[in-house]
Amino acid sequence: MDYQKLADLLFPDVTETPADLEARFPARQLPEGAKVTRFAPSPTGFVHFGGLFPVLVGERLAHQSGGVFYLRIEDTDARREVPGAAESLITTLEKYGIHFDEGAILGSDGKVTDTGIYGPYKQSVRGSIYHVYAKQLVRDGLAYPCFSTDEELEELANTDKKAEIKNMDWENQAAARKQAMLAQRDFTMEQVEAELAAGHAFVLRILADGDGEKKVVNTDLIRGKIEMPVNDEDFVLLKSDGIPTYHFAHAVDDHLMGTTHVIRGEEWLPSLPKHLQLFNYLHFRLPKYMHISQIMRLDENGNKKKLSKRDMGANLNDYARMGYCADAVVEYVLTLLNSNYEEWRTANPALPYTDFPFNIKKMSSSGCLFDFNKLNDVSKNVLSRMSADRIYDETCVWAEDNDPELYAHLTADPDYAKSIFAIGRGGKKPRKDFTVFGDVKPYLDFFYDDLFTVKDALPEGTDMADVAAAIAAFKDTYNEADDTNAWFDKVKAIAESLGYAADMKAYKADPAAFKGSVADISAFLRLAVTGRQNAPDLYTVMHLLGRERTFARLDSFLG
RNA sequence: GGCCCCAUAGUCAAGCGGCUAAGACGUCGCCCUCUCACGGCGAAGGCGUGGGUUCGAUUCCCGCUGGGGUCACCA
């Protein structure tokens, strides 16, 4: 077989050589140790929560080492492509603060375009590049055209793949299939010419070494040494429309774009031998591989399952809707990614997560279960650490889309709203009232007259005369200039005058000796002013509301 | 079924041959406290299993079991 002739026959339009491409895309000039990583999603829908794992790892590794993090769109399957998915993907990641140094970006027209000298970064428009290498493989006798469709192949082998799996009579049928595929290798130049002349399409298959008994070894950055059978399957390189499969595109792109570390989900592990073989055939330097465990969920039977598209929390955009701020989600993922992250966070509450020394060695090789409890805890802490200004801004962004009423109130008087958010915030032990932004409104609605309602009731058996007396006395002695201690001393005095214990210890020691305690008096006031039994520090609340509104509520409470 | 990955409490996890087997979330109890939210203290709960190796295994090796992934002209 004259491989050169075959190559020309198959790819008559390809005039460039791999050497030309190498010259066009010279190696990157980066400092020693700099890592080049990428996120390479296929635009088939929303960004999956699990996608955040490789994204964060890639981003940290690249930027921590002074390297490059780029975005490549793997749109080689037109049938699965969802219009606008690439665009929304970029927008979503942006909201999570993920910055790409090069690759696919959003143009001024809102469409995907790109930036960087190793492009284009959309695989669908890199066809001619793949063909250069495809031609080389054919010329080297390492790839061949196959004119049979998958169905025809199965017919030849008298098998049905789906049935094989079900019947589990895999081995024999798989062997038959393989035989049928192998038969395709035995073509003659005349046959190829005839097929091409007839206008038949072909797929380009790799000519696999064929010794599945031998092992190939690779050192995974997380799992260590992995030993697998050498690839012996003539897998497809180029589909019949000339577009490459993932495997081929991965090899060519990551080589040309200078990727040093391939970070991807563990579902790729089984196809690693294919990639090792391809890099070898192509004489490409092998990147380092890291296969990340998948995030799981629990199904009805209590088994772990991959967090799939339809599951709650699978869509990264869901979190914004549910009221989680992007930082919290990122922080949660980081705690799963690096086991010492939480420890670091506790020691460095104020630093941005980008200051955390991300370490591959601290990554776990087993898949973990998604845990809303933990996310909630992380989120609560993230929100509690924010400044009043920041949480005001974040809440507004959320409320604009999800709670117009709240949004209107917050933005009507930003300073007032911020002073509400400032309650118990900023110290070493900040209040932790919010897990999600949806918690904000029920927490602070009573600060707004038109949202204020009396939600809770006085305890059973409360003496209304005492309530009225307490409120009257409170109004009589109220002085806005009082500090919190002076204020509370007056409340205590009122309690005492009504036969309620001013000292809680005394009350607890002998409850029967009093009608109640200062806690009860406070509860009366709190209920009147906030409409509920539980609220932040009453003194502060009253000062934010102001004397007039405080009194108005005290008055209307009595009816 | 073949191949591959994984295996410490309900969850996430330290551990890397000798420990009363860290810590976090969740759960429960107590304390603090004018309520709440914090904060503090404490409790319950764990090395899947059988063989080796070793003076000694959670730790190293093998089998088993369990869970997961994968086996496309999808990525």
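Every chain is numbered from 1, with letters handed out A, B, ... down the list of sequences.
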Regarding the side chain of Asp537(A), the nearest nucleotide among rA75(B), rC36(B), rC34(B) is rC34(B)
Scanning all shown strands, the Watson-Crick or wobble mate of rA44(B) with both distances under 3.5 Å is none
Using the C1' atom as the point on both nucleotides, what is the distance between rA21(B) and rA13(B), in whole Å?
12 Å
To the nearest angstrom, the CG-P distance between Leu369(A) and rA24(B) comes to 21 Å
Within the structure, does a side-chain N or O atom of Ser339(A) lie under 4.0 Å from either OP1 or OP2 of rA14(B)? yes
Is a side-chain donor-acceptor pair under 3.5 Å present for Glu81(A) with Thr44(A)?
-> no
Heavy atoms only, 4.0 Å cut-off, all strands: where does Arg532(A) land among base, sugar-phosphate and nothing? nothing
Taking a pair to mean Watson-Crick or G-U wobble geometry with both distances below 3.5 Å, rG39(B) pairs with rC31(B)
Looking only at rA13(B), rC4(B), rC34(B), the nucleotide nearest the Pro229(A) side chain is rC4(B)
RNA chain B nearest-nucleotide lookup for Phe370(A) and Gln533(A): closer to the 5′ end is Phe370(A)
Separation of rU11(B) atom P from Lys304(A) atom NZ, nearest Å, is 7 Å
Do we see a donor-acceptor contact under 3.5 Å between the side chains of Ser308(A) and Asp311(A)? yes
Fill in: Check: Arg264(A)/His291(A) side-chain N/O donor and acceptor closer than 3.5 Å
yes
Regarding the side chain of Arg80(A), the nearest nucleotide among rC73(B), rC36(B), rC74(B) is rC74(B)
For the P atoms, the ones on rG45(B) and on rC36(B), what distance do you get once it is rounded to whole angstrom?
30 Å
Rounded to whole Å, the CG-C1' distance (Leu337(A) to rA14(B)) equals 17 Å
Query raised in the report: When rounded to the nearest Å, what value does the distance between P atoms of rA7(B) and rC62(B) take?
Result: 14 Å
Between NZ of Lys429(A) and P of rU33(B) the distance, given in whole Å, is 13 Å
Winner on side-chain proximity to Asp377(A), out of rC25(B), rG15(B), rA75(B), is rC25(B)
Sugar-phosphate, base or nothing in reach of Ser240(A), heavy atoms under 4.0 Å: base
(request) Under 4.0 Å between any heavy atoms, over every strand shown, what does Lys380(A) touch: base, sugar-phosphate, or nothing? Just pick one. (result) sugar-phosphate
Side-chain donor/acceptor of Asp483(A) to backbone N/O of Ala486(A), under 3.5 Å: yes
How is Ser293(A) classified with respect to the nucleic acid when contacts are heavy atoms under 4.0 Å: base, sugar-phosphate, or nothing? nothing
note: Ile222(A), atom CD1; rC4(B), atom C1'; distance rounded to Å ~ 15 Å
>> For the C1' atoms, the ones on rA22(B) and on rG1(B), what distance do you get once it is rounded to whole angstrom?
In response: 43 Å
| message | In whole Å, measure the gap between the C1' atoms of rC47(B) and rG18(B) for me. | response | 16 Å
*Show your working on side-chain contact (heavy atoms from CB on, under 4.5 Å) between Gln123(A) and Tyr130(A) and close with a plain yes or no.*
CA-CA 9 Å; Gln123(A) 292 183 330; Tyr130(A) 303 118; 3.2 Å; yes
pair_partner(rG23(B)), Watson-Crick or wobble, both distances < 3.5 Å, evaluates to rC12(B)
Exactly one of Gln277(A), His275(A), Lys274(A) clears side-chain hydrogen bond (donor to acceptor under 3.5 Å, both in side chains) with His247(A), and that residue is His275(A)
| Base, sugar-phosphate, or nothing for Lys492(A), non-hydrogen atoms under 4.0 angstrom? | nothing
Next on the checklist: Testing the 3.5 Å rule here: is there a donor-acceptor pair between the side chains of Glu267(A) and Gln294(A)?
Outcome noted: yes
From the candidates rC4(B), rC25(B), rU70(B), the one with an atom nearest any side-chain atom of Lys374(A) is rC25(B)
Taking rA13(B), rG69(B), rC12(B) as options, the one with an atom nearest any side-chain atom of Pro270(A) is rG69(B)
### Euclidean distance for P, rG46(B) against rG52(B) (whole angstrom)
27 Å
* **Integer angstrom distance from the C1' of rG10(B) to that of rU27(B)** => 9 Å
Arg526(A) has its side chain closest, among rU35(B), rC6(B), rG69(B), to rU35(B)
In whole angstroms, the gap separating P of rC73(B) from OH of Tyr246(A) amounts to 17 Å
Quick note, Asp371(A) side chain, CB onward, closest among rC74(B), rC25(B), rU35(B) is rC25(B)
query = Quantified in whole Å, what is the C1' atom distance between nucleotide rG68(B) and nucleotide rU53(B)?
reply = 30 Å
Whole-Å distance, Lys274(A) NZ to rC73(B) C1', equals 13 Å
Counting only heavy atoms not in Lys288(A), do more than 12 fall under 6.0 Å of its NZ?
-> no
query = Val203(A) near the nucleic acid: base, sugar-phosphate alone, or nothing, with a heavy-atom cut-off under 4.0 Å?
reply = base
*asked:* Once you apply a heavy-atom cut-off of 4.0 Å, does Thr76(A) come out as touching a base, just sugar-phosphate, or nothing?
replied: sugar-phosphate
Sugar-phosphate only, base, or nothing, as touched by Ala535(A) at under 4.0 Å among non-hydrogen atoms:
base
Rounded to whole Å, the CG-P distance (Leu336(A) to rU11(B)) equals 14 Å
Taking for Asp77(A) and for Arg223(A) the nucleotide of RNA chain B with the nearest heavy atom, the one nearer the 5' end belongs to Arg223(A)
* Asked: Is Phe488(A) stacked on the base of rC34(B), with ring centres under 5.5 Å apart and planes under 30° apart?
  -> yes
